[in-house]
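Worksheet: the structure to be examined is printed underneath.
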Protein chains: 2
Amino acid sequence: MDNNNKYEETDTEQKILKAAAIVFERDGFAGARMQAIADECGMNKALLHYYFRSKELLFRRIFFAKFQTFFKDMVSLADTEIDFFLRIDMFIDNYMRMLLANPDLPVMLFTTIHQNPEFLQQLDGSFGLKMREIFQKEMDEGRIIKINPLHIITSIVGLSVMPFLARPMASHVFKIPAPEYQKLLEERGAFVKHAMRAMLKPI
Amino acid sequence: MDNNNKYEETDTEQKILKAAAIVFERDGFAGARMQAIADECGMNKALLHYYFRSKELLFRRIFFAKFQTFFKDMVSLADTEIDFFLRIDMFIDNYMRMLLANPDLPVMLFTTIHQNPEFLQQLDGSFGLKMREIFQKEMDEGRIIKINPLHIITSIVGLSVMPFLARPMASHVFKIPAPEYQKLLEERGAFVKHAMRAMLKPI
DNA sequence: AAAAGGTTTAACTAATTGGTTAAATTTATG
DNA sequence: CATAAATTTAACCAATTAGTTAAACCTTTT
């Protein structure tokens with residue numbers, strides 16, 4: 001077989017990656033066991049090492065892919081042709097869709113970066129500056145209140161992500177059954193859109 | 001010495017608890033090492049077991065104390081003598097103060113409950129129902145928009161907590177130096193108060 | 001001051017776990 | 001079909017780590 005990677009990854013490799021994502025998102029890096037990943041995809045533990053060398057390399061593979069998933073929607077905020085609040089709406093829609101498909105992603109992401117801040121160095125953070133300019137322009141032209149852009153982005157993400165982060169806690173404290181909580185998550189996007197307008201529209 | 005606990009806990013015990021809090025908040029339960037806690041307080045590893053028997057019991061001790069810290073301010077929302085938005089303001093002030101004093105608490109809390117949802121069973125969640133009633137009353141009397149109370153509480157917490165959760169990520173992506181980020185955290189409370197009014201005030 | 005009880009330590013143990021290896025098995029190739 | 005190469009497996013190894021133990025060391029009490 002050719003040894004360069006122009007062919008699709010093998011079925012086995014994909015199965016391992018999928019299983020690893022489940023286990024790492026559930027247990028975190030330190031808590032995850034290679035054996036648990038092997039069990040999850042019904043393969044032998046040595047196979048994981050055959051395909052990915054080490055636990056850390058396998059984890060990095062998962063982590064960086066998931067990190068991109070978490071941030072990729074943000075670039076759509078940069079399309080200045082469209083009305084600012086419509087762009088925000090679009091972003092929130094996409095973001096909530098992504099979160100509903102990856103409900104355990106935020107915990108894994110924040111935990112990993114908290115425990116391994118050096119991972120950030122290997123990540124592209126170039127869109128940060130661009131986003132700053134975009135927000136600045138909207139402020140200068142009086143379409144949103146004047147405020148540090150970081151407050152805006154942490155607000156969108158905070159409002160969107162918190163119901164996912166707090167799910168077990170909130171559903172326990174507020175005694176909400178799983179299906180009702182799910183409905184809440186699905187209607188969250190609409191509320192976040194309303195909230196962002198309310199807090200950013202001038203006067 | 002008396003064997004009942006009417007006396008203050010020993011200095012050593014306090015030192016261990018403090019060190020354990022630091023290490024567990026930094027590394028999580030699975031990632032934390034008993035030796036690291038011993039090093040952190042300059043004691044012998046066997047001492048930790050002498051005082052707390054096992055890693056898990058020591059962790060539970062820290063966790064349940066911190067969990068209370070995270071939720072205790074919420075009861076102040078129940079004092080219906082005071083105007084609703086003033087109560088919200090007070091809560092946000094206290095909450096931000098708590099977060100500034102415990103910036104690593106949210107990551108540890110969300111991660112732990114995500115990985116050990118059974119911990120919730122041992123926690124008092126009685127204030128959830130009370131809080132629901134409080135919000136319902138404000139809605140019925142037209143002082144805030146009609147919305148599921150969970151959206152309100154996750155909004156306050158999400159807006160307050162996200163800048164702490166996202167600190168390493170956000171300061172990297174937006175290239176914000178540590179002192180400036182600290183200033184942002186300190187002014188966050190004011191913004192959250194504004195945002196909550198804006199999103200909840202009718203029309 | 002000496003006995004007793006509580007505290008601290010160094011050395012040790014057992015179990016877990018990431019990773020290796022060499023053999024077995026399947027798949028591709030001439 | 002036979003040979004080579006890639007894939008999969010079971011058994012094994014070395015390192016880490018939670019937890020134990022017994023002795024040394026204080027502190028209190030009589």
Side-chain angles (χ1 to χ4, degrees), chain A residues 1-63 108 111-112 115-116 118-119, chain B residues 1-63 108 111-112 115-116 118-119:
Chain A
M1 207 232 255
D2 277 358
N3 54 5
N4 59 15
N5 267 10
K6 61 182 143 185
Y7 297 108
E8 70 203 291
E9 286 156 335
T10 72
D11 194 47
T12 306
E13 196 170 335
Q14 285 303 318
K15 277 185 191 165
I16 294 174
L17 284 170
K18 202 164 181 177
I22 291 169
V23 174
F24 281 133
E25 284 189 2
R26 192 186 58 207
D27 302 334
F29 176 74
R33 298 284 162 255
M34 293 298 269
Q35 188 57 54
I37 297 172
D39 293 348
E40 181 71 33
C41 58
M43 307 272 167
N44 189 285
K45 185 166 71 85
L47 256 194
L48 313 190
H49 288 99
Y50 175 75
Y51 278 99
F52 301 97
R53 288 182 63 96
S54 72
K55 182 184 180 184
E56 188 176 329
L57 285 173
L58 177 54
F59 180 76
R60 290 177 111 90
R61 182 75 176 267
I62 304 288
F63 175 78
M108 196 261 250
T111 306
T112 301
Q115 288 169 11
N116 305 70
E118 69 276 11
F119 276 20
Chain B
M1 208 230 254
D2 277 359
N3 56 1
N4 59 15
N5 266 11
K6 60 181 142 185
Y7 298 108
E8 69 203 290
E9 286 156 336
T10 71
D11 194 46
T12 306
E13 196 170 335
Q14 285 303 318
K15 277 185 191 164
I16 294 174
L17 283 170
K18 202 163 181 177
I22 291 170
V23 173
F24 281 133
E25 284 188 3
R26 191 186 58 208
D27 302 333
F29 176 73
R33 298 286 163 254
M34 292 299 267
Q35 188 58 55
I37 297 171
D39 293 347
E40 181 73 32
C41 57
M43 308 269 167
N44 191 285
K45 184 166 71 83
L47 256 194
L48 314 188
H49 288 98
Y50 175 73
Y51 278 99
F52 300 98
R53 286 183 64 96
S54 73
K55 183 184 180 183
E56 189 176 328
L57 286 174
L58 177 55
F59 180 76
R60 289 178 113 89
R61 183 75 175 268
I62 303 289
F63 175 78
M108 196 262 250
T111 306
T112 301
Q115 289 171 9
N116 305 70
E118 69 275 12
F119 276 19

Over how many whole Å does the gap from [X] atom [atom1] to [N] atom [atom2] extend?
X	N	atom1	atom2	answer
A:Leu47	C:dT21	CG	P	16 Å
A:Met43	D:dA10	CE	P	13 Å
A:Tyr50	D:dA10	OH	P	17 Å
B:Gln35	C:dA11	CD	C1'	13 Å
A:Asp11	D:dT8	CG	C1'	14 Å
A:Phe24	C:dG18	CZ	C1'	11 Å
A:Asn44	C:dG19	CG	C1'	12 Å
A:Glu13	D:dA6	CD	P	15 Å

Q) Taking all atoms of both residues into account, what is the closest heavy-atom pair of B:Ala32 and B:Lys55, and its distance? A)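 The answer is O-NZ, 2.9 Å.
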All heavy atoms of A:Gln115 vs all of B:Arg26, minimum pair found to be CG-O, 3.2 Å
Considering only heavy side-chain atoms of A:Tyr51, the closest of C:dA10, D:dT8, C:dT7 is D:dT8
Checking D:dA10, D:dA18, C:dG19 against the side chain of B:His49 (C-beta onward), the nearest is D:dA18
Those residues that, when tested against A:Arg53, pass side-chain contact (heavy atoms from CB on, under 4.5 Å) (two or more places apart)
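Residues passing side-chain contact (heavy atoms from CB on, under 4.5 Å) with A:Arg53: A:Leu57.
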For A:Glu25, the side-chain contact (heavy atoms from CB on, under 4.5 Å) test, sequence neighbours excluded, returns A:Lys66, A:Asp104, A:Leu105, A:Met108
Are A:Tyr51 and A:Leu58 close enough that some pair of their side-chain heavy atoms sits under 4.5 Å apart?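 Sidechains of A:Leu58 and A:Tyr51: no contact.
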Are side-chain heavy atoms of A:Arg60 and A:Glu56 found at a separation under 4.5 Å?
-> yes
**Asked** Does B:Thr12 have a side-chain nitrogen or oxygen under 4.0 Å from the phosphate oxygens OP1 or OP2 of C:dT8?
**Response**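 Answer is yes, contact under 4.0 Å.
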Kindly give the atom pairs (protein nitrogen or oxygen, nucleotide nitrogen or oxygen) under 3.5 Å for nucleotides 14-17 of chain C.
{"residue": "C:dT17", "atom": "OP1", "partner": "A:Arg33", "partner atom": "NE", "Å": "2.4"}
{"residue": "C:dT17", "atom": "O5'", "partner": "A:Arg33", "partner atom": "NE", "Å": "3.4"}

For the residue pair B:Phe59 and B:Phe119, does the interplanar ring angle fall in the parallel (under 30°), tilted (30 to 60°) or perpendicular (over 60°) class?
tilted
